[in-house]
2 protein chains.
Amino acid sequence: MNAFQTRPLVLQPRGAIEPCSRCDARSRSVCNAIPDTELRRLGEAATTHTVASGSTFVTEGEPASAFFNITGGSAKLYKLLPDGRRQITGFVGVGHFLGLAVSATYAFSAEAIEHVRYCRFSRAKLRALLDDFPAMEKRLLQVASNELVAAQEQMLLLGRKTARERVASFLLAQSRLGVICQTPRVQFALPMTRGDIADYVGLTIETVSRTLTKLRSDGLVDIPNATDIVICNRPAMERIAEGMT
Amino acid sequence: MNAFQTRPLVLQPRGAIEPCSRCDARSRSVCNAIPDTELRRLGEAATTHTVASGSTFVTEGEPASAFFNITGGSAKLYKLLPDGRRQITGFVGVGHFLGLAVSATYAFSAEAIEHVRYCRFSRAKLRALLDDFPAMEKRLLQVASNELVAAQEQMLLLGRKTARERVASFLLAQSRLGVICQTPRVQFALPMTRGDIADYVGLTIETVSRTLTKLRSDGLVDIPNATDIVICNRPAMERIAEGMT
DNA sequence: CGGTCACTTGATCGTCTTCAATACCAGTGG
DNA sequence: CCACTGGTATTGAAGACGATCAAGTGACCG
């Protein structure tokens with residue numbers, strides 16, 4: 001289940017090639033708490049990196065030396081049990097901030113599922129930034145609060161929902177992120193594999209696959225290919241996701 | 001499963017009877033980010049309340065008008081599905097801070113499992129406090145980060161662990177909070193019911209009960225009565241909790 | 001084309017749930 | 001003192017949902 005792990009390849013001073021002022025992630029990330037006039041400070045605190053799909057760029061249990069801000073692509077965060085069982089705790093995209101843990105080691109691993117670009121802040125430099133820009137700390141607290149709410153929602157899914165409800169909930173959540181076209185039907189892409197979905201919603205690959213085909217045969221979704229999904233009947237899907245069937 | 005809901009009974013200005021300087025919770029809560037000289041500010045921002053066991057003092061979906069700081073007793077936080085399925089997302093005790101959600105409504109309900117005392121801060125007053133004491137905001141961010149780590153651990157439990165592993169993990173986590181006596185054996189109390197435990201670890205009451213008796217017959221725990229637990233073999237329990245059986 | 005990989009589909013199995021009965025304990029009132 | 005009650009926990013038997021094991025399909029790529 002775990003792809004062969006490679007290390008990040010590129011490493012450059014942040015401001016050199018792609019200043020924060022032109023960053024795709026800025027509008028969606030905590031960085032927008034820092035005023036335009038101070039963007040150089042921000043740029044100088046970070047280094048940019050890119051990793052290929054399948055690369056692990058954060059490893060659970062290793063010393064938590066830095067924080068990360070995703071500026072391109074998407075990744076999965078996960079925890080492992082010693083025998084290899086895996087729980088994906090979240091998928092993260094552009095603008096997401098990683099590694100806030102207070103403890104000395106990372107509590108999760110992160111692996112790119114698409115080519116990922118990110119900024120890396122050492123603990124010390126982020127600390128200095130936060131001290132100078134309390135607004136950024138406020139934003140981080142907001143972000144963390146929202147993630148906590150999402151985590152509780154996911155606990156409800158993992159602890160109490162059926163396979164059908166889990167898959168429906170997952171599809172709806174994904175549809176809210178990356179919509180491709182929005183007629184009455186809502187189409188969007190699933191950048192992750194069935195195995196990733198399974199490890200996220202606490203099922204097996206086979207059950208995810210079977211559940212998707214069942215949803216299709218029930219006329220609730222369309223699956224033009226393995227990576228694209230169309231929700232044909234959103235209200236019905238929402239009822240399913242909440243267990244109201 | 002949900003007890004009849006009553007409303008909080010007592011409501012008094014915080015400083016009037018029990019100043020923050022003598023608060024049991026202070027050392028364990030975010031309040032300790034506020035210097036002694038400013039404690040009056042803190043006291044005036046809050047009102048104190050007490051609720052009996054079984055009372056719901058935060059309700060999912062209602063307008064999120066305030067934040068809470070537990071100063072006595074313990075409570076459970078949970079989410080419900082429309083058909084009554086319940087997921088307890090956490091048990092909280094003295095010093096715990098509740099209600100950080102950014103959204104307009106509470107994302108969870110809170111019900112006392114022992115007689116609970118708490119301080120209530122209106123959003124506006126907490127906002128003012130945080131603006132004046134950035135150290136408190138820093139502490140909140142730390143707390144939120146730690147809770148996020150705990151939430152991920154719980155996702156691993158709910159998504160990937162067996163019944164035996166879940167119960168063992170739960171007992172170990174509880175043992176780290178309220179130890180009564182610590183010989184080689186570790187005894188502690190479980191203030192919550194079997195039903196609460198079940199809804200926390202994503203099982204049924206029956207499975208929790210059966211699993212506990214199995215752990216006892218395996219000589220791993222002792223169960224002098226329904227509310228007390230003794231872990232007889234902690235290393236073995238830790239291996240079980242991590243799936244290394 | 002052969003190989004790999006992701007996905008799908010089928011058949012069987014096992015863990016946990018469900019349903020049901022019983023035990024237990026504290027509180028209440030005859 | 002004891003029967004009665006309501007809530008909680010334990011235990012047993014049967015059943016279901018999802019896991020596991022296994023085979024087959026299709027896309028992509030050297």
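Given the structure is predicted, the values throughout are model-derived calculations rather than measurements.
- Contact check for B:Leu212 versus B:Ile229: side-chain heavy atoms found under the 4.5 Å cut-off.
- Of the residues in residues 155-165 of chain A, none lies under 4.0 Å from DNA chain C by heavy-atom distance.
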Contact state string [nucleotides 6-16 of chain D, B base, S sugar-phosphate only, - no protein heavy atom under 4.0 Å]: ---SBBBB---
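- Atom OG in B:Ser74 sits 10.0 Å away from atom CG in B:Leu177 (nearest 0.5 Å).
- When side chains are defined from C-beta on, A:Arg234 counts as touching A:Glu238, because their heavy atoms get closer than 4.5 Å.
- The side-chain heavy atoms of A:Met237 and A:Val186, taken from C-beta on, include no pair separated by under 4.5 Å.
- Nucleotide D:dA19 holds its C1' atom 13 Å from the CZ atom of A:Arg166, rounded to whole Å.
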CA sep, side-chain torsions, deciding dist, call: A:Cys232, A:Arg216, side chain to side chain contact (heavy atoms under 4.5 Å, CB included): CA-CA 9 Å; A:Cys232 304; A:Arg216 182 180 53 189; over 6 Å; no
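- Between atom OH of residue B:Tyr78 and atom CZ of residue A:Arg160 there is a gap of 14.0 Å, rounded to the nearest 0.5 Å.
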Criterion side chain to side chain contact (heavy atoms under 4.5 Å, CB included) on B:Lys214 and B:Val167, from CA distance to verdict: CA-CA 11 Å; B:Lys214 184 64 167 41; B:Val167 172; over 6 Å; no
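- Extent of DNA chain C lying under 4.0 Å from chain A heavy atoms, first and last nucleotide in 5' to 3' order, is C:dC7 to C:dA11.
- Using a 30° and 60° split on the angle between ring planes, B:Phe57 and B:Phe68 fall in the perpendicular class, above 60°.
- Residue-environment remark: CZ (A:Arg85) exceeds the threshold of 12 foreign heavy atoms within 6.0 Å.
- Looking at A:Asp24 and A:Thr71, their side chains never come closer than 4.5 Å, going by heavy atoms from C-beta outward.
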